[in-house]
Protein chains: 2
Amino acid sequence: MVEKTNHFLSLKQVTIRDPFFSPVQNTVIHTMIPYQEKVLHDEIPDIRPSHVIRNYRIAAGEIEGTYYGRVFQDSDLAKWLEAVAYSLTVQPDAELEARADEIIDLIGRVQKPDGYLDTYFIVAEPEMRWKDLGDCHEMYCAGHMTEAAVAYYEATGKTKLLDICCRLCDHIDRRFGDEEGKVPGIPGHEEIELALMRLYRVTGEDRYRKLASYFIDKRGQDPDFFKKEADARGGDPNSYINRQLITYAQNHAPVREQDTAEGHAVRCMYLYTGAADIAAANQDETLMEACRKVWDNMTKRRMYITGGIGATHQGESFSTDYDLPNDSAYAETCAAVGVCFFARQMLEADPDRRYADVMERALYNGVLSGMQLDGKKFFYINQLEADPDACSTAYAYGSEEYTPERIGWYDCACCPPNLARLVTSIGSYTWSCGGNTIYSHLFLGGSADFDFAGGGIVKLEGNYPWDGTLTYTVSPKNPNATFTLAIRHPGWCHSMTVTVNGENVSKSTVNEKGYWELSRAWNPGDTVICRMDLPVRRIYANPLVRADAGCVALMRGPIVYAFEGIDNGEDLSALRIPRDAAIEALPFNADLLGGVVALKIAGRRLKPMDDLYSDYPPEEKEAVLQAIPYYAWCNRGRTHMKIWMQE
Amino acid sequence: MVEKTNHFLSLKQVTIRDPFFSPVQNTVIHTMIPYQEKVLHDEIPDIRPSHVIRNYRIAAGEIEGTYYGRVFQDSDLAKWLEAVAYSLTVQPDAELEARADEIIDLIGRVQKPDGYLDTYFIVAEPEMRWKDLGDCHEMYCAGHMTEAAVAYYEATGKTKLLDICCRLCDHIDRRFGDEEGKVPGIPGHEEIELALMRLYRVTGEDRYRKLASYFIDKRGQDPDFFKKEADARGGDPNSYINRQLITYAQNHAPVREQDTAEGHAVRCMYLYTGAADIAAANQDETLMEACRKVWDNMTKRRMYITGGIGATHQGESFSTDYDLPNDSAYAETCAAVGVCFFARQMLEADPDRRYADVMERALYNGVLSGMQLDGKKFFYINQLEADPDACSTAYAYGSEEYTPERIGWYDCACCPPNLARLVTSIGSYTWSCGGNTIYSHLFLGGSADFDFAGGGIVKLEGNYPWDGTLTYTVSPKNPNATFTLAIRHPGWCHSMTVTVNGENVSKSTVNEKGYWELSRAWNPGDTVICRMDLPVRRIYANPLVRADAGCVALMRGPIVYAFEGIDNGEDLSALRIPRDAAIEALPFNADLLGGVVALKIAGRRLKPMDDLYSDYPPEEKEAVLQAIPYYAWCNRGRTHMKIWMQE
């Protein structure tokens with residue numbers, strides 16, 4: 001195994017003081033995490049009890065009762081604990097930590113002597129343990145708890161949950177493998193792979209890396225694995241789920257031979273996040289090449305402008321190339337979160353802005369859209385065009401996740417705690433170090449410690465994404481410290497200038513991967529100022545995207561804009577933005593949607609007709625339109641929404 | 001009860017000799033009906049056995065076996081028998097009739113002494129008879145068999161099946177009602193209502209009309225009827241289907257209070273076909289007004305340009321107003337067939353071209369698209385935009401009815417025999433008589449008998465829909481027979497002239513309902529020539545239809561055109577038809593798709609981009625495009641297809 005030459009700075013090495021993101025993080029820390037804690041404890045009156053903590057209590061034998069909830073519900077607690085760990089790192093909170101410790105104690109009481117830990121199978125079906133890897137998520141839950149354990153250890157230094165998870169992963173390691181005395185197996189929902197790599201790094205135990213590698217190597221070797229598993233346990237190999245568990249679970253081909261983003265989008269992201277980590281650790285170029293191919297297919301053919309992925313609710317899956325419907329878009333919040341995970345691993349392996357650009361696209365749009373501004377309600381699905389009535393009839397009919405407004409919790413509640421853990425840990429997605437270079441990937445205000453060239457701090461101040469000026473102040477501990485500050489030139493930015501201590505930097509310093517490589521002897525107080533033009537950009541989709549044909553979307557910096565019925569009337573499909581329409585970025589409005597730059601557009605409105613179809617084109621007239629950032633839509637009540645507008 | 005003042009001529013009073021429709025009818029008679037007969041007998045090698053006849057044999061105790069297939073599968077045989085009856089009327093066939101008689105004998109052997117007839121419940125669940133009206137289709141199957149019985153009696157004069165169905169309907173009549181000794185009930189899937197009205201007319205037994213009226217009156221009085229029914233039989237009132245059986249089955253409000261087209265589209269059409277018939281028979285203006293409101297809502301807000309209805313596969317249902325997605329369109333073949341049924345009843349009650357226009361729109365587009373030109377394969381779903389790969393992944397994943405090409409049979413095989421019975425009986429949709437007026441609604445060549453003014457024949461010759469000239473030759477038996485020939489001026493036609501014996505008729509003869517009322521003393525050989533301009537028309541959807549915003553469709557006469565990948569390349573979304581594009585109707589091509597007029601368009605093609613999203617609009621260049629009639633699409637192999645093109 002090889003140490004990565006470039007790695008993201010940890011949460012402890014970074015501070016976030018960002019006009020845009022710090023309030024979001026504070027909402028998560030002060031509202032969302034406490035809210036979710038109450039949900040896990042069934043203490044929110046208007047929300048159907050989640051039963052999560054109760055399941056643990058029952059499993060520990062402390063209360064009577066039967067299991068309630070999805071088979072993978074333990075993971076909701078695990079992800080919340082992970083978010084708590086990051087929260088404690090960012091803003092220590094002794095009371096929260098004490099409550100988390102209590103929960104960890106409870107988890108410890110649930111764990112079986114052999115290391116097994118899964119409340120569903122402990123309470124409801126003990127005889128079925130490990131018999132339905134395809135659909136029963138035991139390794140998925142184990143992976144999430146392991147991520148929480150690593151994070152909690154890193155945050156607090158406490159090893160209790162880490163020990164629990166080592167025992168759990170050792171249990172899994174003893175059970176699964178191709179060696180004598182083990183059984184072959186892979187998880188239906190990937191997650192354990194990336195978690196084992198985190199456990200490996202924090203413990204130094206190589207068996208976790210080897211087990212993670214085993215799951216990657218094994219996957220797709222036998223596409224019918226889950227059917228055979230069903231057969232073996234007396235189930236129906238041709239049941240709906242067992243028929244799907246081929247492509248749906250990325251088991252259609254060996255991972256190294258996969259070159260398209262297929263199946264359940266969250267599974268795919270978790271798989272490739274783990275795979276990219278393992279590829280780098282094992283210097284496995286074949287595996288890394290598969291990661292790159294899947295990335296390229298995903299980002300060039302199967303991703304929404306918001307960074308959302310998984311176009312279809314059928315299997316919560318990727319559809320085919322360029323099939324990106326807007327109104328029935330699935331684009332699960334967790335999948336956009338997963339895009340950030342995958343991008344982060346790819347960036348570590350190869351600091352290329354294309355990964356950071358996509359991470360930023362997902363973060364500021366398809367991830368944040370998943371949460372209400374107040375932190376108390378969530379979208380599971382992030383449609384790009386919404387007709388609330390159609391949503392609650394035609395779509396909701398078949399899939400409870402289609403909701404015309406964010407709601408407080410879901411039966412399948414994977415998304416809310418996923419938001420919490422990403423937002424609280426966002427500091428660990430912003431800066432990376434490789435050799436004598438510190439990379440600035442996301443432009444979040446705050447600071448980063450570096451430990452090469454004698455160490456020091458880089459501070460970033462700005463008002464991104466509303467303003468394009470970034471001020472870096474470099475403070476090496478040693479004078480004339482020689483190293484490189486590499487600043488991303490975002491792919492979306494057509495005009496960016498950089499000065500160091502007031503002197504212009506030549507554009508030739510932008511390397512082939514899109515980073516300004518500022519290599520010099522730095523002294524305390526050296527200042528780098530980046531100025532990015534932030535015009536409103538008219539965005540066109542590839543004409544092969546059927547859903548966006550003839551349409552234009554508006555972006556400014558990384559922000560995708562949306563038109564809401566509340567601002568523009570419900571007839572959004574009757575609005576046009578002619579190619580020569582005047583578009584104005586309004587001044588930052590602190591009173592609108594938590595503070596945003598809205599857009600004012602001199603558009604056109606087509607007049608509704610009496611008939612459904614006519615030989616005559618509809619009449620049109622001028623219409624002043626307003627667009628708001630997509631992530632903030634649906635924070636002023638149930639309304640229509642549209643991103644891709646008729647041009 | 002009141003005789004209708006206007007009624008369609010029966011199949012025996014009409015002949016069809018039509019260059020367009022006679023070949024279709026011949027395909028149905030000579031290929032589709034024999035093909036379906038073999039399917040019903042499990043004699044088509046490559047098709048999964050339907051088990052339809054086997055179920056009857058098992059139910060009759062003649063062979064051993066268990067029931068196989070959908071609970072409503074008897075209706076497949078019933079609809080096929082009905083089609084056979086029409087086929088025998090149009091083209092007598094002693095051998096086919098003998099085989100139909102054998103099947104009718106078998107049906108007779110299945111019927112229980114109390115009149116009960118339903119192979120599923122006789123074979124599989126005798127104790128559950130009439131306990132799940134919501135989802136078990138016993139009355140639906142009874143209705144279809146009754147329609148077959150009426151048709152077979154009218155075709156052959158044979159009463160055996162009619163007697164069977166009278167016993168069956170009497171059984172239903174004894175069981176259901178609000179009177180002492182009966183139980184209240186309504187069918188989950190309407191059909192019995194319209195069938196009882198047909199039985200009433202042919203038998204003169206008023207109890208059938210009363211029973212039909214009862215079901216209409218009862219419907220929607222208790223929206224929870226089917227939940228309570230589930231509860232009573234020990235089922236789960238909150239199961240998916242029982243929760244849906246409110247709006248889905250048009251039980252959300254009393255029928256007379258319904259004013260939108262809701263729920264399962266086929267159910268809705270069958271309900272309102274029956275309701276309109278009953279409203280006319282009972283002179284029930286309140287009920288007729290509900291029919292008109294539902295019609296208006298459907299045709300002005302919830303119908304595809306093809307006449308297809310039921311936009312969403314969720315519940316095979318109507319969606320909300322203006323929610324008419326093209327690629328995920330459901331638009332079930334049976335639902336478009338049902339539009340013709342409903343339109344026919346509305347036209348009888350009120351000879352207004354708006355009903356005939358819609359009937360024609362559905363017939364030439366959304367109905368005929370359901371059958372392959374060779375009569376051997378069928379679409380269940382009639383999408384208006386097709387990406388075969390997306391169709392077979394994103395859509396097919398959840399609903400087996402989404403197929404990228406027509407297939408030979410469906411597990412739920414309602415559509416194929418529905419096509420067969422409509423096409424064979426199309427003569428009874430073409431002409432109606434009311435008082436001294438004979439109406440020409442559909443322009444199918446052939447002739448019609450009339451019996452007023454001494455009787456006679458009207459002959460129609462033309463080459464519709466490819467040519468706009470219609471020649472009517474009137475042959476009354478008596479000279480100077482005074483009556484009115486009323487010819488529809490189609491709503492789509494902006495320029496139509498009419499001459500009688502060479503003399504121009506004033507446009508003022510077009511009545512307020514859109515018919516040329518040619519009232520005069522007619523003599524044998526009098527000739528009426530109608531000349532309709534048939535330009536290619538650019539059609540625009542109401543801007544409130546989100547899916548069609550910015551798009552244009554092409555029609556010529558009643559024919560909706562489509563662009564196929566095979567002619568234009570698979571990048572159909574990259575094609576544009578600018579508003580000033582030259583569009584040419586090509587000469588009739590007998591060698592293309594069974595003979596069609598194709599269109600040639602001077603369009604534009606956008607160039608695919610490397611990236612998924614770009615700040616720059618795609619480049620475009622000229623492209624010569626070809627459009628073919630929508631009904632004929634997908635007869636040259638798996639291909640992309642699109643109707644609504646970017647303008």
Side-chain angles (χ1 to χ4, degrees), chain A residues 244 299-301 303 305 311-315 317 319-323 325 327-328 385 387 389-390 393-395 397-398 492 494 537-553 571-574 576 579 606-618 642 646-647, chain B residues 244 299-301 303 305 311-315 317 319-323 325 327-328 385 387 389-390 393-395 397-398 492 494 537-553 571-574 576 579 606-618 642 646-647:
Chain A
Q244 301 313 329
T299 56
K300 293 192 166 191
R301 301 186 171 200
M303 177 173 275
I305 190 173
T312 172
H313 75 100
Q314 304 292 358
S317 286
S319 184
T320 51
D321 287 350
Y322 307 113
D323 186 41
D327 55 356
S328 64
E385 176 177 337
D387 171 338
D389 290 342
T393 55
Y395 308 139
Y397 211 105
W492 55 258
H494 302 304
R537 284 145 38 234
R538 300 176 70 94
I539 309 293
Y540 298 88
N542 190 316
L544 298 176
V545 180
R546 291 180 288 115
D548 303 337
C551 292
V552 62
D571 57 340
L572 298 178
S573 62
R576 285 208 309 123
R579 196 161 287 183
L606 305 184
K607 195 175 158 189
M609 313 185 303
D610 289 335
D611 290 324
L612 197 44
Y613 305 107
S614 166
D615 287 14
Y616 306 101
K642 192 165 159 71
Q646 289 302 316
E647 191 173 53
Chain B
Q244 301 313 328
T299 56
K300 293 192 166 192
R301 301 187 171 200
M303 177 173 276
I305 190 174
T312 173
H313 76 99
Q314 303 292 359
S317 286
S319 184
T320 51
D321 288 349
Y322 306 113
D323 186 40
D327 55 357
S328 65
E385 177 176 337
D387 172 337
D389 290 342
T393 56
Y395 309 139
Y397 212 105
W492 55 258
H494 302 305
R537 283 144 38 230
R538 300 176 70 93
I539 308 294
Y540 299 88
N542 191 316
L544 298 176
V545 180
R546 291 180 289 114
D548 303 336
C551 293
V552 62
D571 57 340
L572 298 178
S573 63
R576 286 208 308 122
R579 195 160 289 184
L606 305 185
K607 196 175 156 188
M609 313 185 303
D610 289 335
D611 290 323
L612 197 44
Y613 304 107
S614 167
D615 288 14
Y616 306 101
K642 193 165 157 68
Q646 290 301 317
E647 191 174 54

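Quick note: numbers below take in every heavy atom, side chains included, and nothing from hydrogens, waters or symmetry partners.
- Heavy atoms of A:R579 lying under 4.5 Å from chain B belong exclusively to its side chain.
- Among A:D615, A:L606, A:I539, the residue making the largest number of heavy-atom pairs under 4.5 Å with chain B is A:D615.
- Of the listed residues (B:V552, B:D571, B:L544), the one with the most heavy-atom contacts under 4.5 Å to chain A is B:L544.
- Here the closest non-hydrogen pair linking A:R546 and B:A390 is NH2-CB, 4.0 Å.
- For A:K642, no part lies near chain B; criterion is any non-hydrogen pair under 4.5 Å.
- Across all non-hydrogen atoms, the minimal contact from A:N542 to B:M609 is ND2-O, 2.7 Å.
- Of the two parts of A:Y616, the backbone and the side chain both hold a non-hydrogen atom closer than 4.5 Å to a non-hydrogen atom of chain B.
- Across B:P608, B:P617, B:A574, the residue that shares the most heavy-atom pairs under 4.5 angstrom with chain A is B:P617.
- Counting only distance, with no hydrogens or angles, the side chain of B:S573 and the backbone of A:P543 share a donor-acceptor pair below 3.5 Å.
- Most heavy-atom pairs under 4.5 Å with chain B: of the set A:R301, A:K607, A:H494, this distinction falls to A:H494.
- Contact annotation for A:R538: only backbone heavy atoms (N, CA, C, O) come within less than 4.5 Å of a heavy atom of chain B.
- Only the backbone of A:D610 has a heavy atom closer than 4.5 Å to any heavy atom of chain B.
- Residues B:Y322 and A:D387 fail the side-chain proximity criterion, which asks for heavy atoms closer than 4.5 Å.
- Nearest heavy-atom pair, A:L612 versus B:M303, reported as atom, atom and distance to 0.1 Å: CD2-O, 3.1 Å.
- In this structure, A:P618 and B:Y540 approach most closely via the heavy-atom pair CD-CB, 4.0 Å.
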